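Here's the structure, in structure tokens; my notes come after.
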Amino acid sequence: MPDFYERVYEIVALIPRGRVTTYGAIASALGAARSSRLVGIAMNHSHLTHPHLPAHRVVNRSGLLTGKHHFTSVPMQELLESEGILVIDDCVVDFSEVFWQPQ
DNA sequence: CACTTGACGAGCT
DNA sequence: TAGCTCGCCAAGT
């Protein structure tokens with residue numbers, strides 16, 4: 001069984017283009033439903049260990065771009081909109097429509 | 001080594 | 001409806 005972090009990165013890497021998922025959904029998929037914060041911490045470090053990861057496709061449960069301040073080079077909103085995901089006021093539009101449940 | 005701080009979220013008041 | 005508490009645990013101070 002791989003490290004928790006590795007499994008988080010594994011799932012994030014599976015998120016289809018133009019779709020998003022949540023920290024809690026990832027935690028649940030790993031069997032650690034109450035450890036959603038750990039997913040956030042994992043993502044916080046992902047830019048160092050796994051720079052290629054589509055971290056912009058991970059938002060909080062209400063579709064809010066809580067991690068946007070960690071995207072210094074290219075704005076998170078710009079990355080999402082380039083994939084066809086509308087973002088208004090730091091919030092994903094039609095969040096339930098583009099939500100992707102980790103499998 | 002002890003304490004604080006989070007890319008979170010569910011449940012309670 | 002909105003705010004508060006707690007679980008979770010890696011990292012930083």
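In what follows, every chain begins at residue 1, and chains take the letters A, B, ... in the order their sequences are listed. Note that the coordinates shown come from a computational prediction; the quantities given were computed from them, not determined experimentally.
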Tell me whether the side-chain N or O atoms of R37(A) pair up with the base of dG7(C) as donor and acceptor below 3.5 Å, since no angle test is needed here.
yes
Just say parallel, tilted or perpendicular for the rings of Y9(A) and Y5(A), cut-offs at 30° and 60°.
perpendicular
E81(A), M76(A), E78(A) screened by side chain to side chain contact (heavy atoms under 4.5 Å, CB included) with V87(A), the one that passes:
E81(A)
Atom CD1 of I26(A) and atom P of dC9(C) are separated, to the nearest Å, by 17 Å
Gap between atoms CG and C1', on L48(A) and dA7(B) respectively (whole Å):
14 Å
Answer whether the closest heavy-atom distance between the side chains of P102(A) and T21(A) falls below 4.5 Å.
yes
When you measure from every atom of DNA chain B, which of residues 67-78 of chain A have a heavy atom less than 4.0 Å away?
G67(A), H70(A), F71(A)
Separation of D90(A) atom CG from dA7(B) atom C1', in whole Å?
13 Å
If you measure from the P atom in dT5(C) to the same atom in dT4(B), how many Å do you get, rounded?
16 Å
Please work out if T22(A) contacts a base, only the sugar-phosphate, or nothing of the nucleic acid, heavy-atom cut-off 4.0 Å.
sugar-phosphate
Look for any protein N or O under 3.5 Å of an N or O in nucleotides 10-13 of chain C and output each such pair with its distance, or none.
from, atom 1, to, atom 2, distance (Å)
dA10(C), O3', Y5(A), OH, 3.0

Donor-acceptor contact present, side-chain S36(A) to main-chain A27(A), <3.5 Å:
no
Can you label the angle between the F71(A) ring and the H56(A) ring as parallel, tilted or perpendicular, going by 30° and 60°?
perpendicular
Any side-chain heavy-atom pair of V8(A) and L30(A) under 4.5 Å:
yes
Using whole Å, what does the distance between atom C1' of nucleotide dC8(C) and atom OH of Y23(A) come to?
16 Å
With heavy atoms under 4.0 Å as the rule, sort N60(A) into base, sugar-phosphate or nothing.
sugar-phosphate
Check whether any side-chain heavy atom of W100(A) sits under 4.5 Å from a side-chain heavy atom of R57(A), and report yes or no.
no
Counting only heavy atoms not in H69(A), do more than 12 sit closer than 6.0 Å to its NE2 atom?
no
What is the distance from CG of L53(A) to P of dA7(B), rounded to the nearest Å?
18 Å
What is the distance, rounded to the nearest whole Å, between atom OH of Y9(A) and atom P of dA7(B)?
15 Å
Does S35(A) get its side chain close enough to the base of dC8(C), under 3.5 Å, for a donor-acceptor pair?
no
R61(A) has its side chain closest, among dA7(B), dC8(B), dA10(B), to dA10(B)
Look at T66(A) and dC8(B) and indicate whether a side-chain polar atom (N or O) is within less than 4.0 Å of OP1 or OP2.
yes
Side-chain touch F4(A)/V39(A), heavy atoms, less than 4.5 angstrom:
yes
Under 4.0 Å between any heavy atoms, over every strand shown, what does A55(A) touch: base, sugar-phosphate, or nothing? Just pick one.
base
